[in-house]
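Structure in structure tokens, see below.
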Amino acid sequence: MRVPIQSVTPDCGQAEIAGWVHEVRDLGGLAFMLIRDRTGIIQVTIPKKKVSEQVLAALKAVSRESVVRVSGPIKAMDKAPGGRELVPEKIEIISLAETPLPLDVSEKVQAELDTRLDARFLDVRRPRVAAVFEIRSAATFAIHQYFHDAGFTSITTPKIVAAATEGGTELFPIAYFDKEAFLNQSPQLYKQMMMAAGCEKVVEVGPIFRAEEHATTKHLNEATSIDIEVSFADHLEVMRILEDLIIKTYEYVDKTCSVQIANIGVEDFAVPKGPFPRLPYAEAIEIAAKKIEDPIKYGDDVSPAAERAIGAEMGGHYFIVDWPSEIRPYYAMQYENDPSICKAFDMMHPRMELSSGAQREHRYDILVNQIKKKGLNPESFEFYLKPFRYGMPPHAGWGLGADRLVMTMLGLGNVREAVLFPRDMHRLVP
RNA sequence: GCCCAGGUAGUGUAGUGGCCUAUCAUGAUUGCCUGUCACGCAAUCGACUCGGAUUCGAAUUCCGACCUGGGCGCCA
């Protein structure tokens, strides 16, 4: 009966373990094999004169990163890592690894990200890499739990859609029988339809696709988005939900993943403090204009340099609110007293944008008007507009980039490190 | 799409016209070694992205292609 390596102690007496051969050190009459599974590493000590022919043959035949099953007595040993070692009665080579390896799992020699992603299955064998995805899993769990507890309905919406519904970003066209179709850039329109469906609070965690030809450390062509929409809520209420979610997620990771955080080498892991400052767009532009060389003025989008300048000033998570209506999508609700700005917001980490959202325009006539003002044709939005004619409550929501959340939480240099099999302009395999 | 920097053994690197039969580390193969823990020692193996040009001579210079990294633009 195989046991996890972490649970092997001198009290076990006898144990059977299975895992990957991390390293072999042959000292002559004595050899050590380090065996690794996802829970830890144990030393298998082989005094050559005292073990069976079968064990000696396996020691000679085995290569690094092969999968083996080893059984034998456990002994307390101060000199061994973890204070215990296994003396094998039997070593079974389950799967022999080819040599040489495409990258060094034991990390004596670092590999470049591109090399690592080409052999991701080997890369993730490294505890510090596995830790990223264990933390991502914990964060995802905390997020689902948060919304479940708050009474949200978790939904899934189509990723194959008929039309470019929002304009702006490039879409991936796909062959859909004899029709033209696209991969969806956002669940935006569908989650709004669910407000008309009376669901009141919905959340979707799923993939979004963008065909933008950007090659940066924070963009992907397939990303994971955490999207919510809430009926009878305004933008202020969903901002409170967002900052609460971020804090609760950090708290959960802090509480349950200390081993992984240490593994990755994050020294300054800190749960962000709420409430996050609400910085009006106009003030954000002023800060940026003072600090960066490129001229930036009211009405411009916030450039990466401006993002960094404002982020340095703010020092932690913050919101940018009250955006000019002209640079936000048609579905953002404008202020009654000043239609030049709207109830839209971005939630920022000092390094980059994590989320954007808004109170949506739910009044049919105004919405149609705003679509027209953006130079779009309301007729091509019929499937989206129809629900607005049959009882649409006021609502607000946001989308949060899960990959960037993990990236900024762990201080990773490249968003690809937070994604198992990232998709970018150049990478479609594995 | 634009700008910049790159492409050398499986991996990570040194090498900017002849000293390159290409450096170092790690690795692989073989041998020695009974307490290693980045074990040690010895031997062996293994690479200049591709095509063209300049030159007596090119890993090194030039041109083109392909690929990679970083920045910008773009980014509901």
Side-chain angles (χ1 to χ4, degrees), chain A residues 22-34 41-51 60 63-65 75 77-83 85 87 97-119 122-123 161 164-171 182 184-192 208-221 223 225 227 294 300-308 327-332 344 346 352-353 355-358 360 374 376 381 384 397-399 401 404 413-414 416 424-427:
Chain A
H22 191 68
E23 229 173 314
V24 180
R25 299 191 189 113
D26 190 339
L27 274 56
L30 183 68
F32 302 103
M33 276 172 75
L34 299 178
I41 290 182
I42 190 169
Q43 177 168 287
V44 171
T45 302
I46 303 164
K48 290 186 185 170
K49 287 179 184 162
K50 295 179 187 169
V51 296
K60 184 142 174 84
S63 56
R64 296 202 313 167
E65 296 305 320
K75 291 177 181 165
M77 177 59 69
D78 289 343
K79 285 181 269 189
E85 65 187 17
V87 181
E98 278 183 22
T99 58
L101 297 163
L103 60 81
D104 175 19
V105 175
S106 67
E107 295 193 272
K108 286 173 194 167
V109 178
Q110 281 299 328
E112 287 189 0
L113 185 57
D114 197 50
T115 306
R116 292 170 48 199
L117 293 175
D118 280 340
L122 276 176
D123 186 46
V161 296
T165 47
E166 292 184 67
T169 193
E170 296 289 318
L171 299 178
F182 301 92
N184 207 176
Q185 68 197 90
S186 155
Q188 177 67 29
L189 306 186
Y190 286 95
K191 62 184 184 168
Q192 285 194 258
I208 57 172
F209 304 91
R210 303 200 173 169
E212 299 295 336
E213 295 188 346
H214 31 221
T216 74
T217 53
K218 59 184 182 185
H219 287 97
L220 294 166
N221 293 296
S225 175
D227 264 272
D294 283 343
D300 289 344
D301 226 323
V302 182
S303 68
E307 261 180 26
R308 285 191 293 269
I327 57 171
R328 300 299 287 209
Y330 58 83
Y331 51 72
D346 278 1
M352 71 191 78
E353 177 189 335
S355 170
S356 70
R360 325 298 189 185
K374 293 281 179 190
L376 302 166
F381 289 77
Y384 168 65
W398 43 252
R404 288 186 180 186
N414 192 315
R416 291 162 184 77
D424 61 38
M425 252 169 93
H426 306 297
R427 182 172 288 279

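In what follows, chains carry the letters A, B, and so on, assigned in the order in which the sequence lines appear, proteins first and then strands, with residues in each chain numbered from 1.
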Exercise. Counting only side-chain N and O atoms of A:His214, is one of them less than 4.0 Å from OP1 or OP2 of B:C72?
Worked result: no
Subject >> A:Asp424 CG - B:C74 C1' separation (whole Å) >> reply: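 Whole-Å distance recorded here is 16 Å.
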Classify the nucleic acid contact of A:Lys49 as base, sugar-phosphate or nothing, counting any heavy atom under 4.0 Å across all strands shown.
base
Tell me every residue that passes salt bridge (charged side-chain N to carboxylate O under 4.0 Å, His left out) with A:Glu23, counting only those two or more places apart in sequence or in another chain.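 Only A:Arg25, A:Lys108 meet the salt bridge (charged side-chain N to carboxylate O under 4.0 Å, His left out) criterion with A:Glu23.
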State plainly whether the residues A:Arg64 and A:Asp104 are in salt-bridge range, i.e. N to O under 4.0 Å.
-> yes
Under the side chain to side chain contact (heavy atoms under 4.5 Å, CB included) test, which residues partner A:Lys79, sequence neighbours left out?
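Partners of A:Lys79 under the side chain to side chain contact (heavy atoms under 4.5 Å, CB included) test: A:Met77.
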- Message: Heavy atoms only, 4.0 Å cut-off, all strands: where does A:Lys50 land among base, sugar-phosphate and nothing?
- Response: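 Counting heavy atoms under 4.0 Å across all strands, no contact is made by A:Lys50.
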Give one of base, sugar-phosphate or nothing for A:Ala80, where a contact means two heavy atoms less than 4.0 Å apart.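 Base: the residue A:Ala80, judged by heavy atoms under 4.0 Å, touches a nucleobase.
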- Residues forming a side-chain hydrogen bond (donor to acceptor under 3.5 Å, both in side chains) with A:Gln110, sequence neighbours excluded: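 For A:Gln110, no residue satisfies side-chain hydrogen bond (donor to acceptor under 3.5 Å, both in side chains) once neighbours in sequence are set aside.
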Of the listed B:G69, B:U36, B:C72, the closest approach to the A:Asp114 side chain comes from B:G69
Can you tell which of B:G70, B:G73, B:G35 lies closest to the side chain of A:Asn414?
->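 Of all the options, the side chain of A:Asn414 is nearest to B:G70.
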Discussion item. Less than 4.0 angstrom between a side-chain N/O of A:Lys218 and OP1 or OP2 of B:C74, yes or no?
Written reply: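 False: A:Lys218 side-chain N/O out of range (4.0 Å or more) of B:C74 OP1/OP2.
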Side chain to side chain contact (heavy atoms under 4.5 Å, CB included) filter on A:Pro100, not counting sequence neighbours, yields none
Whole-Å distance, A:Lys108 NZ to B:G40 C1', equals 12 Å
Would you say a side-chain N or O of A:Arg427 is under 4.0 Å from OP1 or OP2 of B:U68? no
- Query: To the side chain of A:Pro81, which of B:C33, B:G35, B:U36 is closest?
  - Reply: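 When the side chain of A:Pro81 is considered, B:U36 is the closest of B:C33, B:G35, B:U36.
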| field | Set of residues satisfying side chain to side chain contact (heavy atoms under 4.5 Å, CB included) with respect to A:His219, sequence neighbours excluded | value |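 Side chain to side chain contact (heavy atoms under 4.5 Å, CB included) check on A:His219 returns A:His214, A:Thr216, A:Arg404.
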In whole angstroms, the gap separating C1' of B:C37 from CD1 of A:Ile46 amounts to 15 Å
If you look at every strand shown and take non-hydrogen atoms under 4.0 Å, does A:Ile208 touch a base, only sugar-phosphate, or nothing? base
Contacts of A:Gln192 meeting side-chain hydrogen bond (donor to acceptor under 3.5 Å, both in side chains) (sequence neighbours excluded), chain-then-number -> A:Gln188, A:Tyr384, A:His395
request  = For A:Lys48, check side-chain hydrogen bond (donor to acceptor under 3.5 Å, both in side chains) against everything at least two apart and list the hits.
outcome  =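 Partners of A:Lys48 under the side-chain hydrogen bond (donor to acceptor under 3.5 Å, both in side chains) test: A:Asp26.
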For nucleotides 6-13 of chain B, give me every protein contact, N/O to N/O, under 3.5 Å, one pair per line with atom names.
| unit_1 | atom_1 | unit_2 | atom_2 | d |
| --- | --- | --- | --- | --- |
| B:G10 | O2' | A:Leu101 | O | 3.0 |
| B:G10 | O2' | A:Pro102 | O | 3.4 |
| B:U11 | O2' | A:Gln110 | O | 3.4 |
| B:G12 | OP1 | A:Glu112 | N | 3.0 |
| B:G12 | OP1 | A:Thr115 | OG1 | 2.7 |
| B:G12 | O4' | A:Gln110 | O | 3.2 |

By nearest-nucleotide position on RNA chain B, the 5'-leaning member of A:His219 and A:Arg308 is A:Arg308
- Item | A:Ser356 side chain reached by A:Arg328 side chain, heavy atoms, under 4.5 Å | yes
Per-residue pairing states of RNA chain B in dot-bracket (Watson-Crick or G-U under 3.5 Å; . unpaired, | other strand) read (((((((..(((.....[.....)))((((((.......))))))...(((((..]....))))))))))))....
Pick out the pairs of N or O atoms, protein on one side and nucleotides 43-45 of chain B on the other, that lie under 3.5 Å.
none

Residues passing the side chain to side chain contact (heavy atoms under 4.5 Å, CB included) test with A:Pro81, sequence neighbours excluded, are A:Gln43
For A:Tyr190, ring-ring contact (aromatic ring centres under 6.0 Å, His included) partners two or more places apart |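 Scan of A:Tyr190 (ring-ring contact (aromatic ring centres under 6.0 Å, His included), adjacent residues dropped) gives A:Phe383.
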Of all the choices, B:U36, B:A28, B:C72, which nucleotide is nearest to the side chain of A:Arg64 once you look at every atom?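 Closest nucleotide among those given: B:A28.
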